[in-house]
Amino acid sequence: MPTPTGVGTEELRRANLRAILQTVHTHGPTTRAVLTKQLGLNRSTIGALTGELQSLGLVTEQTAVVGGRGRPSHLVVPSDDNVVVAVDVGVDRIAVALVGLGGEVLDRRTRGHQRGEHDVAHVVESVAQMIDETLSASRHTRCLGVGVAVPGAVRADDGLVRFAPNLGWVEEPFTELLSKRLNRPVSTGNDANLGVLAEHIRGAAVGFSDVAYLSASVGIGGGFLVGGRPLTGASGYAGEVGHMQVDGAGPACRCGAVGCWETKVGENVLLQRAGRLAGGGPEAVAEVIAAARAGEPRAAEAVNDVADWCGVGIRAIVNLFNPQVVVLGGSLAQVWRAAESRVVESVQRNTLLSPRGDAALRSAALGDDSPLIGAAELAFGPVLDHPQAVPQAV
């Protein structure tokens with residue numbers, strides 16, 4: 001492969017190391033022959049680069065027999081010594097997973113908590129204990145990082161949680177506190193931003209470069225890829241789609257405005273319209289949907305109304321961002337699966353462009369784990385970008 005103008009040999013070598021490691025991490029075991037074809041390098045160069053990744057402890061090589069003809073090709077495999085810890089601080093639970101290089105979830109633990117406000121110090125201690133327990137039980141020798149998904153606005157440069165209304169957090173130094181408690185670096189991101197990352201790499205948005213990920217529980221989060229790059233905004237706060245106004249005569253929102261999208265489609269809205277108590281979570285939403293299918297009039301009316309408003313919000317997203325695919329998570333996915341035709345009809349109504357031609361609608365392939373898997377990818381990021389800076393066993 002010819003050297004691009006202005007790129008030095010050492011910089012090119014580092015770029016090729018990154019490309020090999022990212023390919024193996026994303027796609028799993030890959031032969032040298034495939035890597036040679038993908039990167040346009042000769043076999044000896046690929047051999048030298050994979051040898052360097054082996055010396056860094058990031059990959060191993062196995063002999064693969066290909067098609068029974070020709071000489072066997074070396075198979076480059078992610079080393080199973082390397083893991084990250086992924087954390088999803090949810091509205092009603094904390095999930096912690098051990099994820100190997102290559103994306104396999106090796107262990108996971110979940111601890112429930114009551115919905116409502118939570119003291120940040122208590123959450124930090126709960127997360128830290130779960131991480132300590134998970135790493136203590138692991139046979140893997142090198143933790144490459146810790147990534148955390150939080151349902152709120154997270155400042156990009158230092159992980160400060162500016163606003164997480166479902167947890168009752170305002171200006172909380174969650175990332176700094178957790179890093180000090182664990183005595184290791186921690187990276188934190190908004191749950192929807194990490195959700196779109198996970199669905200793009202391993203889920204419903206693989207192969208797409210312009211993606212909208214929309215997920216609802218009590219509130220609604222949005223994560224976006226534009227041209228394959230995350231849309232984060234100047235400080236990392238982009239994607240607060242739950243607070244775009246969809247009904248000027250709508251109910252008051254906790255943000256101080258009226259008619260915000262989350263006041264029309266949040267899971268508690270569905271539950272209350274169906275005559276249920278708020279706070280029941282995904283299980284209660286599923287019960288309402290089952291009741292609607294069984295013919296209960298009030299449940300059916302609630303599902304249809306929320307489906308209509310789901311389409312209104314998605315239509316605005318399609319008009320604003322013109323994504324190739326819209327991935328739905330949380331209660332949005334539940335309503336979409338229950339009333340797909342009604343959501344689609346609402347999306348198509350008064351859309352500037354043809355939404356069915358330009359934007360596919362899909363439920364999240366990773367389900368409720370999208371933010372958790374995205375947190376793992378966040379933790380892997382520094383090593384994938386700079387393999388030579390891989391930390392020692394910790």
Side-chain angles (χ1 to χ4, degrees), residues 85-99 105 107-137 146-154 159-182 186-195 198 215-221 242 254 262 266-272 276-287 329-334 364 366-376 378-379:
V85 176
V87 181
D88 181 15
V89 180
V91 174
D92 55 6
R93 63 177 174 80
I94 297 170
V96 171
L98 200 67
V99 182
V105 177
D107 186 17
R108 65 177 298 155
R109 296 155 195 261
T110 302
R111 180 179 297 175
H113 58 207
Q114 293 294 320
R115 293 183 171 220
E117 297 186 1
H118 291 272
D119 176 66
V120 67
H122 177 74
V123 174
V124 166
E125 185 58 30
S126 294
V127 170
Q129 288 180 12
M130 293 176 71
I131 291 174
D132 289 341
E133 292 167 4
T134 302
L135 290 176
S136 295
V146 176
V148 185
V150 171
V154 180
L160 179 82
V161 180
R162 291 292 303 274
F163 182 50
N166 293 327
L167 298 174
W169 293 358
V170 177
E171 302 287 340
E172 292 288 3
F174 168 81
T175 306
E176 178 185 354
L177 294 172
L178 182 59
S179 180
K180 287 182 178 178
R181 168 61 176 79
L182 296 172
V186 174
S187 298
T188 302
N190 168 264
D191 56 353
N193 289 341
L194 298 180
S215 184
S217 57
V218 177
I220 305 175
R254 56 190 169 162
E262 73 173 43
E267 64 181 32
N268 286 337
V269 175
L270 175 66
L271 295 176
Q272 290 172 327
R276 274 68 170 177
L277 293 175
E283 295 80 8
V285 171
E287 185 275 324
S331 61
L332 286 181
Q334 290 178 281
L366 301 173
D368 293 338
D369 279 347
S370 300
L372 185 68
I373 301 303
L378 180 67

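Electrostatic pairing of Glu262 and Arg254 counts as a salt bridge here, judged by a charged N lying under 4.0 Å from a carboxylate O.
When side chains are defined from C-beta on, Val146 counts as touching Ile131, because their heavy atoms get closer than 4.5 Å. Val148 places a side-chain heavy atom less than 4.5 Å from the side chain of Val186. Val89 is listed as a side-chain neighbour of Leu167, based on a closest heavy-atom distance under 4.5 Å. Thr134 places none of its side-chain heavy atoms less than 4.5 Å from the side chain of Asp132. In this structure, the side chains of Ile373 and Val105 come closer than 4.5 Å at one or more pairs of heavy atoms. Side-chain contact between Glu171 and Leu160 is present, with at least one heavy-atom pair separated by less than 4.5 Å. Between Arg162 and Val170 the shortest side-chain heavy-atom distance does not fall below 4.5 Å. A 4.5 Å side-chain heavy-atom check between Phe174 and Val154 finds every atom pair outside the cut-off.
Looking at Trp169, its side chain does come within 3.5 Å of a backbone N or O of His118 through a donor-acceptor pair. Looking only at distances, a side-chain donor or acceptor of Thr175 sits under 3.5 Å from a matching main-chain atom of Gly159. Proximity of a side-chain donor or acceptor of His113 to a complementary backbone N or O of Gly90 within less than 3.5 Å is detected.
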>> Walk me through whether Val87 and Met130 qualify under side chain to side chain contact (heavy atoms under 4.5 Å, CB included).
In response: CA-CA 9 Å; Val87 181; Met130 293 176 71; over 6 Å; no

>> Go through it in stages, so that I can follow the logic: the residues are Gln129 and Glu133, the test is side chain to side chain donor-acceptor pair (under 3.5 Å), and I'd like the CA-CA distance, side-chain angles, deciding distance and then a yes or no.
In response: CA-CA 6 Å; Gln129 288 180 12; Glu133 292 167 4; over 6 Å; no

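The line from CD of Glu125 to CZ of Arg181 is 4.5 Å long, rounded to the nearest 0.5 Å. Put simply, CG on Asp191 and OG on Ser217 are 7.5 Å apart, with the number rounded to the nearest 0.5 Å. For the atom pair CG (Leu366) and CG (Leu372), the distance works out to 10.0 Å, reported to the nearest 0.5 Å. Taking CG of Leu378 as the start and CG of Asn190 as the end, the distance is 11.0 Å to the nearest 0.5 Å.
Among all heavy-atom pairs drawn from Glu267 and Pro282, the shortest one is OE1-N, 4.1 Å. Residue Glu117 comes nearest to Gly168 through the heavy atom pair CG-CA, 3.7 Å, listed as atom of the first residue, atom of the second, then distance. Annotation for Ala216 and Leu332: closest pair CB-CG, 3.6 Å, computed over non-hydrogen atoms. Considering all non-hydrogen atoms of both residues, Ala278 and Leu271 come closest at CA-CD1, 4.3 Å. Residue Asp368 comes nearest to Arg93 through the heavy atom pair O-NH2, 3.8 Å, listed as atom of the first residue, atom of the second, then distance. When all heavy atoms of Ala192 and Gly221 are compared, the closest pair comes out as CB-C, 3.6 Å.
Side-chain contact check for Asn268 and Arg276: no donor-acceptor pair (N or O, by modelled atom type) lies under 3.5 Å.
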